[in-house]
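Single-structure report; data block below.
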Amino acid sequence: MSLSLYNTLSRRQEPFKPLEPGKVRMYYCGVTVYDYCHVGHGRACVVWDVVRRYLTWRGYEVRYVQNFTDIDDKILNRSRQEGTTMEAISERYIAAYFEDMARLNIKEADEYPRATHTLDGIKRLIHELETKGFAYPSAGDVYYSVRKFPDYGKLSGQKLDERRMGASGRVSENEEAQKQDPADFALWKSAKPGEPAWESPWGKGRPGWHIECSAMVRECFADSASNHLGETIDIHAGGNDLIFPHHENEIAQSEAVTGKPLAQYWLHNGMVNVNGEKMSKSLGNFTTIRQMLDAPNAPEPMAVRMFILQAHYRKPIDFTDDGIAAAQNGWNILKAGLLFGHEYGERLGWTGSIETQADAIAQFRTVMDDDFNTSSALAVLFGLAKQLERASNLLIHEGETGEPSDLLESQWLTLVELASVLGLEAQPEPEQVPSISDAEIETLVAQRTEAKKTKNFAEADRIRNDLQAQGIQLIDKPGGLTLWHRS
RNA sequence: GGCGGCAUAGCCAAGUGGUAAGGCAAGGGUCUGCAAAACCUUCACCCCCAGUUCGAGUCUGGGUGCCGCCUCCA
């Protein structure tokens, strides 16, 4: 029984073997910080967070690095619009990123390299590419010559001669004219007047987009102790919209210099769709994470996480209000299960020395080992949570569960452990000062019972509604007995 | 045009060739003055056609439909 994962590079599921036994080097191509993150970013972050958590739970020592692209045309445009600096914009949205992702319970990466902090490494890499003949200067810019790299296209399956070239409206004719081949891409762009710029052997300018990741992987995973120079990492992850050209170009840059694979496994998450179309800025069909979580009737963050994990990470998911609402209902069950021990553990005399359930854990592991089948993993969680929710209801309604206490404890411990691997966690709410005391409730319940005896149902229902409005649920039992609980 | 992916119940969604996980919603039953809550319970032959096989949702070929990338993008 071993972990296997789908590798975009081979288009196959492969057994996972890290370069160094027990250790995993993982890099996730993060976001360009020119705006708030939307649900699509949220999905990617959740998915890779789960992969990272799972590998850790599986016993690997994981080094997880995620970059921020903080040099970019869109950031620049925004800073001009607002009359401020590129740095001010990126700082703002990096701070927002951390706020949003903390709400989704994304664990922080081990390192967050930024383009602006990687300039030396970027320039060194460009220089090496130039020395080896893969890069050429042109009117102040420096370009990568894709024809010099025979493997170009191995990740995306693109063949240079079969692509539609020059169809881009975004690339200026000027830039197009400076390239030896339309598929060549910029490693370094010369500064236009008024733009932020860094000194370089090619004049003042700024790095192209793709080069930062190549440089960051190299720097963040350089480890002289283990004889690795950051040449090859185990897992390189990102959205499937990055396969081409971004990841293809990263490979071209890094492997041209090192002659070694940049990453063993290339993993790509599917997109979040809206009405069947990809959520994206350009289509204007995006919802930011904070919009979603701060809306009236907003779902709980954990419900959103569950919504994301109900589908396989490589498939597209459709973002709809109904889907989120359904996930919220489902989360309520998991949450009830996760809170069970906090609410009833003491009352049930739990000892804390119970073992988890090996069969559920084995099942969870089997499905997660199969390219992170979180959908099936959730089914394992629901199996446990449903039983705990039932037990919880029985305690409220019958005063007993009919189940052995240590079985429940074992189920609960298992649920909590496995859920946390998926980053699904529920905290007991702090005790609130009740708006109405137990004694008052008892009095009202007694009054209602009297009213019922005299068939004064209007009064009985009034009391019931009043209590309901205060969050007190009445439960009429056979024989005229009425139980109540705070919901 | 090139590359890749997807099509499973009302909705979402897993699925290793041997008679379809899970979630949501819905229905029925018990209980109730009515209700709520709770408990019990019901609910698919897998886009179409052909083929391989003792046996296919699961493999092969063809068809239809949808999506992504080829331009910034998680």
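Worth knowing before you read on, the calculation uses all heavy atoms, side chains too, and leaves out hydrogens, waters and symmetry mates. Proteins get letters first, then strands, A, B, ... in listed order; numbering begins at 1 in each.
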Please determine, by modelled atom types, if A:S254 and A:S214 share a side-chain donor-acceptor pair under 3.5 angstrom. yes
Of all the nucleotides listed (B:G4, B:G22, B:C24), which has the minimum atom distance to the side chain of A:Q310? B:G22
Counting only Watson-Crick or G-U wobble pairs whose two distances fall under 3.5 Å, which nucleotide matches B:A44? none
When you measure from the side-chain N and O atoms of A:H41 to the phosphate of B:A74, is any distance below 4.0 Å, counting only OP1 and OP2? yes
Let me check something: any side-chain donor-acceptor pairs from residues 393-401 of chain A under 3.5 Å, sequence neighbours excluded? List them with distances.
from: A:N393; atom 1: ND2; to: A:E389; atom 2: O; distance (Å): 3.3
from: A:E398; atom 1: OE1; to: A:K477; atom 2: NZ; distance (Å): 3.0
from: A:E398; atom 1: OE2; to: A:K477; atom 2: NZ; distance (Å): 3.2
from: A:T401; atom 1: OG1; to: A:E403; atom 2: N; distance (Å): 2.9
from: A:T401; atom 1: OG1; to: A:E403; atom 2: O; distance (Å): 3.1

How close do A:F286 and A:S280 get, counting heavy atoms only, and between which atoms? CD2-O, 3.7 Å
C1' atoms of B:C24 and B:A14, separation to the nearest Å: 15 Å
Taking pairing as Watson-Crick or G-U wobble with both contacts under 3.5 Å, can you name the mate of B:G55, or confirm there isn't one? none
As its Watson-Crick or G-U partner within any shown strand, both distances under 3.5 Å, B:A25 has none
Identify whether any heavy atom of A:K281 sits under 4.0 Å from a base atom; if not, whether one sits that close to sugar-phosphate; answer base, sugar-phosphate or nothing. nothing
Round to a whole Å and report the spacing from CG of A:L467 to P of B:A35. 20 Å
Please enumerate all residues that pass salt bridge (charged side-chain N to carboxylate O under 4.0 Å, His left out) together with A:E440, with sequence neighbours excluded. none
Contacts to RNA chain B from residues 372-381 of chain A, heavy-atom cutoff under 4.0 Å, which residues? A:N373, A:S375, A:S376, A:A379
For B:U19 and B:U53, measure between their C1' atoms and round to the nearest Å. 16 Å
A:N249 versus A:Y152, side-chain donor and acceptor atoms under 3.5 Å: yes
For A:F382 and B:G23, say yes or no: do the ring centres fall under 5.5 Å of each other while the ring planes differ by less than 30°? no
Determine the Euclidean distance between corresponding P atoms of B:C72 and B:A26; express it in Å to zero decimal places. 47 Å
Specify the residues of residues 42-54 of chain A, ordered by number, for which at least one heavy atom lies under 4.0 angstrom from an atom of RNA chain B. A:A44
A:D370 atom CG is separated from B:G22 atom C1', nearest whole Å, by 16 Å
Just one of A:Y27, A:Y313, A:Y64 clears the ring-ring contact (aromatic ring centres under 6.0 Å, His included) bar with A:W48, so which one? A:Y313
In the structure shown, which nucleotide is the Watson-Crick or G-U wobble counterpart of B:U16, with both distances under 3.5 Å? none
Contact summary for A:C29 and A:H247, nearest pair of heavy atoms: SG-NE2, 3.3 Å
Across the strands shown, which category fits A:H312 at heavy-atom distances under 4.0 angstrom: base, sugar-phosphate, nothing? sugar-phosphate
Distance check, P atoms only: B:G65 and B:C48, in whole angstrom units. 15 Å
Tell me whether the side-chain N/O atoms of A:K477 come closer than 4.0 Å to OP1 or OP2 in B:A37. no
Run the ring-ring contact (aromatic ring centres under 6.0 Å, His included) test against A:W57 and tell me which residues pass, sequence neighbours left out. A:Y54, A:F364
From B:C31, B:C24, B:C69, pick the nucleotide closest to the side chain of A:D241? B:C69
Gap between atoms CH2 and C1', on A:W484 and B:A37 respectively (whole Å): 16 Å
Let me know the distance between CD of A:Q158 and P of B:G68, rounded to the nearest Å. 16 Å
Mind checking if A:M279 touches a base, just sugar-phosphate, or nothing, with heavy atoms under 4.0 Å? base
B:C47 versus B:U64 - spacing of their C1' atoms, nearest Å: 8 Å
Nearest whole Å is fine: how far is B:A13 P from A:R314 CZ? 15 Å
A:R78 with A:D35: basic N within carboxylate O range, under 4.0 Å: yes
Write down the distance separating the C1' atoms in B:G4 and B:C39, rounded off to the nearest Å. 50 Å
Shortest non-hydrogen contact between A:L338 and A:L424, atoms and distance: CD1-O, 4.0 Å
What distance, rounded to whole Å, do you find between the two P atoms, one in B:U8 and one in B:C59? 15 Å
Without decimals, in angstroms, what is the distance between A:I333 CD1 and B:C24 P? 4 Å
At less than 4.0 Å, is any side-chain N or O atom of A:N240 found next to OP1 or OP2 of B:A74? Yes or no. no
Quiz question: going by heavy-atom distance under 3.5 Å, is there a donor-acceptor pair between the base of B:A36 and the side chain of A:R464? no
Any A:K278 side-chain nitrogen or oxygen under 4.0 Å from OP1 or OP2 of B:C69: yes
Round to a whole Å and report the spacing from CD of A:E389 to P of B:C24. 9 Å
Separation of A:W266 CH2 from A:H236 NE2 (nearest 0.5 Å): 4.0 Å
Heavy-atom pair with the smallest gap, counting every atom of A:V380 and A:A360: CG1-O, 3.7 Å
Any donor-acceptor pair under 3.5 Å between the side chain of A:D461 and the base of B:G33? yes
When you match A:Q473 and A:W331 each to their closest nucleotide on RNA chain B, which lands nearer the 5' end? A:W331
Separation of atom CD1 in A:I475 from atom P in B:C34, rounded to whole Å: 18 Å
Select base, sugar-phosphate, or nothing to describe what A:G238 touches, counting heavy atoms under 4.0 Å on all strands. sugar-phosphate
Which is more 5' along RNA chain B, the nucleotide nearest A:Q468 or the one nearest A:H210? Just name the residue. A:Q468
Sugar-phosphate, base or nothing in reach of A:K386, heavy atoms under 4.0 Å: sugar-phosphate
Counter-base of B:A7, judged by Watson-Crick or G-U geometry with both distances under 3.5 Å: B:U64
Can you give me the closest heavy-atom contact between A:A460 and A:K452, atom names plus distance? CB-CG, 3.7 Å
Using the P atom on both, measure B:U58 against B:C6 and round to a whole Å. 13 Å
Using purine N1 to pyrimidine N3 plus N6-O4 or O6-N4 for Watson-Crick, or N1-O2 and O6-N3 for G-U wobble, both under 3.5 Å, which nucleotide pairs with B:U32? none
Classify the nucleic acid contact of A:G270 as base, sugar-phosphate or nothing, counting any heavy atom under 4.0 Å across all strands shown. base
So, is A:K315 close to the B:A14 phosphate, meaning a side-chain N or O under 4.0 Å from OP1 or OP2? yes
Salt bridge (charged side-chain N to carboxylate O under 4.0 Å, His left out) involving A:D371 - partner list, sequence neighbours excluded: A:R314
So what does A:D476 touch, heavy atoms closer than 4.0 Å: a base, only the sugar-phosphate, or nothing? base
Across the strands shown, which category fits A:R448 at heavy-atom distances under 4.0 angstrom: base, sugar-phosphate, nothing? base
